Asks: 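Right, I'll just put the structure down here and ask away after.
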Amino acid sequence: MATFQSLPGFRDFYPDDFARRKHICDLWRRTAHAFGFAEYDAPVLEPLELYKAKSGDEVEGQLFSFTDKGGREVALRPEMTPTVCRLVGAKANALKRPIKWFNIGEFYRYERMQKGRGRSFFQLNADIFGEPGPEAEIELIALLVQSLCAFGLTEQDFYIRLSDRNLWFYYLEALGLDGSRVREMLVAVDKHEKYGDDAFKGYVEQFGPLDAGLKAKVLGFLQIKSFAALEQMFASLQSDKLPARLADWKKLLGGLDAMGLTRFVEVDLGVVRGLAYYTGFVFEAFDRKGELRALAGGGRYDDLVEKLGGPALPAVGFAIGDVTTGLLLEQRGLMPNFIQAPDVYCVIGGDAARRAAFADIHALRAAGRRVDYPMKEVAFGKQFKAAADSGAKLALIYGDDELAKGVVKIRDLSDRTEREVPRDQAQAAVRDYFSA
RNA sequence: GCGGUCAUAGCUCAGUUGGUUAGAGCACAAGAUUGUGAAUCUUGGGGUCGCGGGUUCGAGUCCCGUUGGCCGCCCCA
């Protein structure tokens, strides 16, 4: 047993594991680029205060934080949002709008391990700054959908629940609740799915007994699962903000429909995301079977850039993690088998043959071809087996017979045909094979 | 931070009421085999049985602690 092991919650990426992670990150990157998002990055280590300013002092318990040698309180980044707000805020006036940015990076949280959650993970973060209307949500939800469809997942495999904190505010205000009572009620709504009526305990403890009529109305609202039901609910309510908001909803749902994404999206007012900094539409992606933790989450946070010291700048974004996405792909058999196959495997006789082979091997490699060969002298039979096992398309055979004739034997490993070419034409023959 | 459960070779596991030098399959390596592909046979390397303590003539096995994994709670940006 090895003396040292990786820290709890951290993963080692052996080549097979790394190939899976790379597969996920590569497709995310390609997808984000297809949507016109620009990639950025920033330090993994940030001032602790950045996260406290966004989430409150309590977050420190969930952070990898420490004091550096200069006496600075620092933390490994647990999320990208504060960092990207810092970046955008610092240059907001110089950046072309809309600002569509994404990042793929590693994040760290000091938490207890569970299925789908460790202390280090990779996320795609995508954000749009400077666009106050639902056009930004259309773009981001479409990107989120495609970030999963790119792997072959379909509406059978996952869906997105769409909700709106603004509507909750308007609704609860229309019912006569003030600001702090609204926030407390939203916490209860967030927990209702999990705890049922017990979710209201916190509200009751803070504000006294819950009026039966009010509770019934809240329960009715959080069970709304369609835009039609939403409109009907508001038909009888008086509010000056509602018509504009319902128009936003129409624009958002209309845009998603035009992109053919309606089958992925379900209106669900039961989602509010407990995070206080969300200010409008919020959305979460889940697997259809409901067996995994959330795949992705996001929403609008129009106040955060300013709160973190930048100018007032509307923003909406989401993040999707590699762990749950990977679990879902494994579940559905959509994780490919990755083989690190060379293009060419060389079968080599004795020392003289080896010297001849080396010249071609290096030249082919310099031209970008993947070439491998046995490092030690090995029986021919084993070399052919190794060539087949390697997954290479071609075997180049440098034996004493070929050397004497001044040729190289080229074996096509897929159909087992062989032919001989003069030594000085071997590289060209390989090039022609792969360009054909 | 709390609770449950587990820990034997690189992997999957066996190991009897506590009893000789802890086993198998797979994987890896060498050979049979210096000229042709998933085969066969032989052989080999690999373990202080997670770690520490206790009970015992004797512990992989029983007890306590600890570390780590898995599952759940809290939390989940």
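The chains referred to below are lettered A, B, ... by the order of the sequence lines, with proteins before strands, and numbering in each begins at 1. Given the structure is predicted, the values throughout are model-derived calculations rather than measurements.
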Asks: May I ask you to establish whether A/R181 and A/F207 are in a cation-pi arrangement, using a distance under 6.0 Å from NZ or CZ to the six-membered ring centre and at most 45° from the ring axis?
Replies: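 The answer is yes, since A/R181 meets both limits relative to A/F207.
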Asks: Who pairs with A/K251 by salt bridge (charged side-chain N to carboxylate O under 4.0 Å, His left out), at least two apart in sequence or on another chain?
Replies: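 By the salt bridge (charged side-chain N to carboxylate O under 4.0 Å, His left out) rule, A/K251 matches A/E135.
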Asks: Please report the distance separating the P of B/G60 from the corresponding atom of B/C70, rounded so that it comes out in whole Å.
Replies: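 Each nucleotide's P atom is 28 Å from the other's.
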Asks: Answer with base, sugar-phosphate or nothing: what part of the nucleic acid does A/G349 contact at a heavy-atom distance below 4.0 Å?
Replies: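 Since no nucleic acid heavy atom lies under 4.0 Å of A/G349, the category is nothing.
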Asks: Return the value, rounded to whole Å, for the distance between atom CG of A/L327 and atom P of B/C70.
Replies: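 Spelled out: CG on A/L327 to P on B/C70 is 11 Å.
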Asks: Is the distance between the ring centroids of A/F358 and A/Y373 less than 6.0 Å?
Replies: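 Yes, the ring centres sit under 6.0 Å apart.
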Asks: With RNA chain B as reference, determine whether A/T417 or A/F10 sits nearer its 5' end, using the nearest nucleotide of each.
Replies: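 Comparing both residues, the 5'-ward one is A/T417.
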Asks: Within the structure shown, what part of the strands sits under 4.0 Å from A/Q383 by heavy-atom distance: base, sugar-phosphate, or nothing?
Replies: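 No contact.
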Asks: Kindly indicate whether a cation-pi arrangement holds for A/R245 with A/Y170, taking the cut-offs as under 6.0 Å to the six-membered ring centre and within 45° of the axis.
Replies: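 Checked: cation-pi criterion not met.
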Asks: Quick one: the dot-bracket string of RNA chain B, using Watson-Crick and G-U wobble pairs with both distances under 3.5 Å, [ ] for crossing pairs and | for bases paired to another strand.
Replies: (((((((..((((.....[...)))).(((((.......))))).....(((((..]....))))))))))))....
Asks: Just call it for A/K409: base, sugar-phosphate, or nothing, with non-hydrogen atoms closer than 4.0 Å on any strand.
Replies: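 The answer is base, as A/K409 lies within the cut-off (heavy atoms under 4.0 Å) of a base atom.
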Asks: Could you check how far CG of A/D198 sits from P of B/C73, rounded to whole Å?
Replies: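 In whole Å, B/C73 P lies 15 Å from A/D198 CG.
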Asks: Parallel, tilted or perpendicular for A/W249 and A/F227, by the 30°/60° rule?
Replies: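 Taking A/F227 first and then A/W249, their aromatic rings lie parallel (interplane angle under 30°).
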Asks: Rounding to a whole Å, what distance do you find between A/D389:CG and B/U36:P?
Replies: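 In whole Å, B/U36 P lies 17 Å from A/D389 CG.
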Asks: I'd like a list of close polar pairs between nucleotides 75-77 of chain B and the protein, N/O only, cut-off under 3.5 Å.
Replies:
residue	atom	partner	partner atom	Å
B/C75	OP1	A/K191	NZ	3.2
B/C75	O2'	A/Q62	NE2	2.8
B/C75	O2	A/E111	OE2	3.3
B/C75	O2	A/R117	NH1	2.8
B/C75	N3	A/R117	NH1	3.1
B/C76	O2'	A/R109	NH1	3.4
B/C76	O2	A/R117	NH1	3.3
B/C76	O2	A/R293	NH2	2.3
B/C76	N3	A/R293	NH2	3.0
B/A77	O5'	A/R273	NH2	3.4
B/A77	O3'	A/R273	NH2	3.3
B/A77	O2'	A/E79	OE1	2.7
B/A77	N7	A/R109	NH1	3.4
B/A77	N3	A/E79	OE2	3.3

Asks: Can you tell me how far P in B/U61 sits from the matching atom in B/C51, rounded to whole Å?
Replies: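 That atom pair is separated by 11 Å.
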Asks: For A/M113, which contact category applies under a 4.0 Å heavy-atom criterion: base, sugar-phosphate, or nothing?
Replies: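 Sugar-phosphate, backbone atoms only, no base.
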Asks: Quick one: sort the A/F338 and A/H23 rings into parallel, tilted or perpendicular, breaks at 30° and 60°.
Replies: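 Tilted: the ring planes of A/F338 and A/H23 meet at 30° to 60°.
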Asks: Between B/U48 and B/A38, how far is it from one C1' atom to the other, in whole Å?
Replies: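 Their C1' atoms lie roughly 39 Å apart.
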Asks: Using the rule given for side chain to side chain contact (heavy atoms under 4.5 Å, CB included), can you reason through A/L394 versus A/L413, listing the C-alpha separation, both sets of side-chain angles and the distance that settles it, and then say yes or no?
Replies: CA-CA 5 Å; A/L394 289 184; A/L413 290 165; 5.7 Å; no
Asks: Could you check whether A/G299 gets within reach of a base, just the sugar-phosphate, or nothing at all, counting any heavy atom under 4.0 Å?
Replies: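 Counting heavy atoms under 4.0 Å across all strands, no contact is made by A/G299.
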Asks: Heavy atoms from C-beta onward define the side chain here; which of B/G37, B/U33, B/G3 lies closest to that of A/R411?
Replies: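 For A/R411, the side-chain atoms sit closest to B/G37.
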Asks: In whole angstrom, give me the gap between the C1' atoms of B/C62 and B/U43.
Replies: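 40 Å, rounded to whole Å.
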Asks: Figure out the CG/P separation between A/D412 and B/G37, and round it to whole Å.
Replies: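 In whole Å, B/G37 P lies 16 Å from A/D412 CG.
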Asks: Quick one: label A/Q123 by what it contacts on the DNA or RNA (base, sugar-phosphate, nothing), any heavy atom closer than 4.0 Å.
Replies: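 The answer is nothing, as A/Q123 stays clear of every strand by at least 4.0 Å.
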Asks: Starting the side chain at C-beta, find the nucleotide from B/G35, B/G31, B/C73 nearest to A/K382.
Replies: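 Out of B/G35, B/G31, B/C73, the nucleotide with an atom closest to A/K382's side chain is B/G31.
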Asks: Rounded to whole angstrom units, what separation is found between the CG atom of A/D415 and the P atom of B/G37?
Replies: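 Result: 15 Å.
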Asks: Pick the C1' atom in B/G52 and in B/G68, then give their distance to the nearest Å.
Replies: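 Their C1' atoms lie roughly 15 Å apart.
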Asks: NZ of A/K115 versus C1' of B/C71: gap in Å, rounded?
Replies: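 Interatomic distance, NZ of A/K115 to C1' of B/C71: 10 Å.
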Asks: Quick one: A/E291 CD to B/G72 C1', roughly how many Å, whole number?
Replies: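 Roughly 16 Å, once rounded to whole Å.
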Asks: Of the candidate nucleotides B/A38, B/U36, B/U34, which contains the atom at the shortest distance from the side chain of A/K385?
Replies: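 Per side-chain heavy atoms of A/K385, the pick is B/A38.
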Asks: Decide, applying a 5.5 Å centre-distance limit and a 30° plane-angle limit (both strict), whether A/F384 stacks on B/G37.
Replies: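 Taking the rule of under 5.5 Å and under 30°, the ring of A/F384 does not stack on B/G37.
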Asks: Measuring centre to centre across the rings, with the benzene-like ring taken for any Trp, is A/W168 within less than 6.0 Å of A/F221?
Replies: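 Yes; A/F221 has its ring centre under 6.0 Å from that of A/W168.
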Asks: What interatomic distance, in whole Å, is found between C1' of B/G45 and the corresponding atom of B/C6?
Replies: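 Here B/C6 and B/G45 have their C1' atoms 30 Å from each other.
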Asks: With rounding to the closest Å, how many angstrom separate the C1' atoms on B/G18 and B/C49?
Replies: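 B/G18 and B/C49 have their C1' atoms separated by 15 Å.
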Asks: Taking only the C1' atom of each, what is the distance from B/A32 to B/A14 in whole angstrom?
Replies: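 Per the computed distance, 32 Å lies between those C1' atoms.
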Asks: Hey, are A/S120 and A/E106 close enough side-chain-wise for a donor-acceptor pair under 3.5 Å?
Replies: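 Yes, a side-chain donor-acceptor pair sits under 3.5 Å.
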Asks: Kindly confirm or rule out a cation-pi arrangement of A/R119 over A/F10, judged by NZ or CZ under 6.0 Å from the six-membered ring centre and within 45° of its axis?
Replies: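 No, A/R119 and A/F10 do not form such a contact.
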Asks: Quickly, which of A/D127, A/N125, A/D41, A/T83 forms a side-chain hydrogen bond (donor to acceptor under 3.5 Å, both in side chains) with A/N103? Name it, please.
Replies: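 For A/N103, the side-chain hydrogen bond (donor to acceptor under 3.5 Å, both in side chains) test succeeds with only one of A/D127, A/N125, A/D41, A/T83, which is A/D41.
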Asks: Which sits closer to the 5' end of RNA chain B, A/D400 or A/R112, going by the nucleotide each is nearest to?
Replies: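 Mapping each residue to its closest nucleotide by heavy atoms, the 5'-most match is A/R112.
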